[in-house]
Amino acid sequence: MIPYSDRWRLHRRLFHQSFRPRAAIQYHPVQLQKARELIVDLLATPQNFIAHLQTHSAAIIMSIIYGYETARWDDPIVSVVNRAIDICVAAVRPEVAAFLGFLPFLRYIPAWFPWRIFQTNCVAISKIRPMKWSKPLSNLSSRGW
């Protein structure tokens, strides 16, 4: 957490400016456009509804936050984000978190030791992380942000 300071106040002010109910109205056009795309995609290939829903939610977030327009199918950033989410869900199960909270010294056991799957997942996520943000951030810098 950020300690109470000028930086904290700035973050709080920006958060409230962007997420208050009246500010959410400015996001309606993007949400409506992406909802129309979702309907077209669902009508075209209903058997891929899970992929369409994942792309839909990621497309709204990426468009609003970064101004990045995702591809309708097989967007590389959406697939990287989905892979990172899958790894996190597998790694941060309640029983693993409780076990590490109860026995914190287990964090320092070498990676080659059996049952260190959470460390393997952390390494996998650390390899994904640079790929995930390079394209949206370059999109922001090209827009002058």
Side-chain angles (χ1 to χ4, degrees), residues 1-108 111 115-145:
M1 286 186 42
I2 301 173
Y4 187 77
S5 62
D6 289 337
R7 183 175 178 224
W8 181 88
R9 284 190 291 277
L10 173 67
H11 283 228
R12 183 172 183 260
R13 183 173 52 86
L14 291 173
F15 179 83
H16 281 286
Q17 285 176 351
S18 299
F19 294 109
R20 68 179 196 274
R22 288 193 332 207
I25 294 170
Q26 69 184 353
Y27 307 134
H28 286 176
V30 172
Q31 292 172 336
L32 187 60
Q33 174 196 0
K34 300 300 178 186
R36 288 178 179 144
E37 290 175 6
L38 173 64
I39 290 170
V40 169
D41 293 343
L42 287 172
L43 289 173
T45 53
Q47 65 275 13
N48 294 335
F49 72 95
I50 292 175
H52 295 317
L53 292 174
Q54 289 173 338
T55 302
H56 171 71
S57 58
I60 291 173
I61 293 167
M62 299 297 277
S63 179
I64 289 172
I65 294 177
Y66 298 107
Y68 173 78
E69 294 299 323
T70 59
R72 301 277 290 274
W73 295 281
D74 298 327
D75 187 273
I77 294 178
V78 173
S79 63
V80 168
V81 169
N82 287 337
R83 187 173 185 294
I85 289 170
D86 291 342
I87 291 171
C88 287
V89 167
V92 188
R93 297 183 315 266
E95 62 271 14
V96 173
F99 197 61
L100 289 175
F102 184 67
L103 303 170
F105 66 88
L106 291 176
R107 295 180 197 155
Y108 305 106
W115 308 300
R116 279 302 303 249
I117 195 73
F118 62 90
Q119 188 177 37
T120 306
N121 290 334
C122 291
V123 170
I125 289 175
S126 68
K127 290 178 183 174
I128 290 174
R129 192 176 32 176
M131 296 185 311
K132 183 168 57 172
W133 301 119
S134 61
K135 192 166 182 178
L137 291 178
S138 66
N139 189 39
L140 275 179
S141 61
S142 69
R143 289 176 34 195
W145 287 23

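Here the structure is a predicted model, which is why all the values come from computation and not from measurement. Only heavy atoms go into these numbers, but all of them, side chains included; no hydrogens, no water, no symmetry mates.
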Heavy-atom closest contact (Gln54 atom, Asn82 atom, distance): OE1-ND2, 3.4 Å

What are the two closest non-hydrogen atoms of Val30 and Ser63, and how far apart are they? CG1-OG, 3.6 Å

Write out all pairs satisfying ring pair (Phe, Tyr, Trp, His ring centres under 6.0 Å) with one or both partners inside residues 12-44, taking only residues at least two apart or from two chains. Phe15-Phe19

Between Tyr66 and Ile77, is the side-chain contact (heavy atoms from CB on, under 4.5 Å) condition met? List the steps. CA-CA 12 Å; Tyr66 298 107; Ile77 294 178; over 6 Å; no

Considering residues, nucleotides and ligands other than Arg20, do more than 12 of their heavy atoms fall under 6.0 Å from its CZ? yes

What closest approach, in Å, do Ile25 and Pro29 show between heavy atoms, and which atom pair accounts for it? O-CD, 3.9 Å

Is there a side-chain contact (heavy atoms from CB on, under 4.5 Å) between Phe49 and Leu42? Walk through the geometry before answering. CA-CA 6 Å; Phe49 72 95; Leu42 287 172; 3.6 Å; yes

Main-chain N/O of Val78 paired with Asp75 side-chain donor or acceptor, under 3.5 Å: yes

Just to verify, what does Ser18 make a side chain to side chain donor-acceptor pair (under 3.5 Å) with, not counting sequence neighbours? none

Salt bridge (charged side-chain N to carboxylate O under 4.0 Å, His left out) contacts touching residues 34-48 (sequence neighbours left out): Lys34-Glu37, Lys34-Glu69, Asp41-Arg72

Do the side chain of Ser79 and the main chain of Pro76 share a donor and acceptor less than 3.5 angstrom apart? yes

Is Arg12 atom CZ crowded by more than 12 heavy atoms from other residues, nucleotides or ligands, each under 6.0 Å away? no

Does CD1 belonging to Ile50 count more than 12 external heavy atoms closer than 6.0 Å? no

